[in-house]
Protein chains: 2
Amino acid sequence: MARQERAIRTRKVILEAAGAVFDEHGYTATTIAMVLDRAAVTKGALYFHFPSKESLAQAVLDEQLSLGAVPPQPCKLQELVDITFVFGQRLLSNSLLKGSVRLAVDQCAPPGVDHSGPFRQWADHLVVILERAREQGELLPTVQPRQTVEMLVGAFAGIQLMSRALNDRNDLAERISVLWGHLLPSIALPGLLTGIDREPDRGVRVLAALEAADVEPVAMDLSAR
Amino acid sequence: MARQERAIRTRKVILEAAGAVFDEHGYTATTIAMVLDRAAVTKGALYFHFPSKESLAQAVLDEQLSLGAVPPQPCKLQELVDITFVFGQRLLSNSLLKGSVRLAVDQCAPPGVDHSGPFRQWADHLVVILERAREQGELLPTVQPRQTVEMLVGAFAGIQLMSRALNDRNDLAERISVLWGHLLPSIALPGLLTGIDREPDRGVRVLAALEAADVEPVAMDLSAR
């Protein structure tokens, strides 16, 4: 059991190092040696978990969704908004996430790496939340959840990109807030608009609440309080 | 004069070849030799126009805005919508534009190349149109043109990226239409909403009208007809 825990921790250390190196250098320029150096693990340990650079990149891409977890909310549109703010906030400091986003956005990845994966996974994840919002009567009747979430995922990808290019992502939270200011009136019932919190510091506050509660976000249900 | 015309044509041939190579291989993997090979010009001709790979990349980036020109419209919001559809349509076939967009979006560019330039230039260009729309009374009073166009430029960048990753950009026009369906209600006066054409084939139709008229788009004023 202790050995298994160590293996899980080693895998995590490698992924975080790989994320940082992919973020800084991109897929093409990254070498296994650079990741080894950053992670300070043995070659054997790395190859035990990841037989190739492709598999390492794929694992970094696959981690993205888990880093967007937030506490459930009674208003499902609020939960959707929260996911974008928390993801944006984590993008400021989490190297694994930065690397994962760069891999998804760069065109450099070889055919063996599915860099469209995160786009699909995010859309599949968020459409479930928007369908819940519909069931709860939060949406305008004209909303087509699949169309809306695909637009949201694409728009978010570009907005974080522009924020990085212009401002090293320092204004990302403000830009997410502006995005929601433009999108919510076409999605939410008018009566909900003033109740949905889309202040730029929303991500900071949700993360602080998560840390204070010190529980797994997926298992936490603030709506039951 | 003939010599000057030839120089302009050669420069264009080189830029188009460079755009294609940057689009396929990204900044890092592109070499001057690959561009020479594609353009079928002499090394001397290329270095006369572009002393380095950096300067070539910068010139490809700087061409982006000129490829978004559309005929002016009496309704300035329609003109804004048209720019996105025409740009999206040109992205399907114009190698220079594809390369330019890849350079702007990839993080690979070296410090000497300002890959945030197109984001800034687009925002500066579009804000003028949105300000005109405001003067003409087309906008909701809550719209802040600079905020709105920066959001639009970022969202567009991501939507074309997602369309490329998932579908080789074949559904880009539909995605642009969905984006406008979500944004316009927060921007335009309600009475304008049904009059603004955001059908997915808008870009094809505007380009066909441009070609039929066979004039420079910047000099063409459909509103005067």
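By convention in this document, chain letters (A, B, ...) are assigned in the order of the sequence lines, proteins followed by strands, and residues within each chain are numbered from 1. Atom set for the values below is all heavy atoms of this structure, side chains included, hydrogens, waters and symmetry mates excluded.
Counting heavy-atom pairs closer than 4.5 Å to chain A, the top residue among B:V143, B:D23, B:V178 is B:V178. Ranked by heavy-atom pairs under 4.5 Å with chain A, the first of B:Q160, B:R164, B:R175 is B:R164. For chain A, the option among B:A104, B:S116, B:A123, B:A157 with the highest count of heavy-atom pairs below 4.5 Å is B:S116. Ranked by heavy-atom pairs under 4.5 Å with chain A, the first of B:A29, B:S163, B:G158, B:G181 is B:G158.
Contact annotation for B:T148: both backbone and side-chain heavy atoms come within less than 4.5 Å of a heavy atom of chain A. Interface remark: B:L152 contributes no atoms to any contact with chain A (heavy atom separation under 4.5 Å). When heavy atoms are compared at a cutoff of 4.5 Å, B:V153 approaches chain A by way of both its backbone and its side chain.
Annotation for A:H182 and B:L183: closest pair CB-CD2, 3.8 Å, computed over non-hydrogen atoms. Here the shortest heavy-atom pairing between B:E150 and A:M162 reads O-SD, 3.5 Å. Looking at every heavy atom in both residues, A:V105 comes nearest to B:V105 through CG1-CG1, 3.8 Å.
Shown here is A:Q136, whose CD atom has more than 12 heavy atoms of other residues, nucleotides or ligands within 6.0 Å.
For residues 188-204 of chain B, a heavy-atom distance under 4.5 Å to chain A picks out no residue at all.
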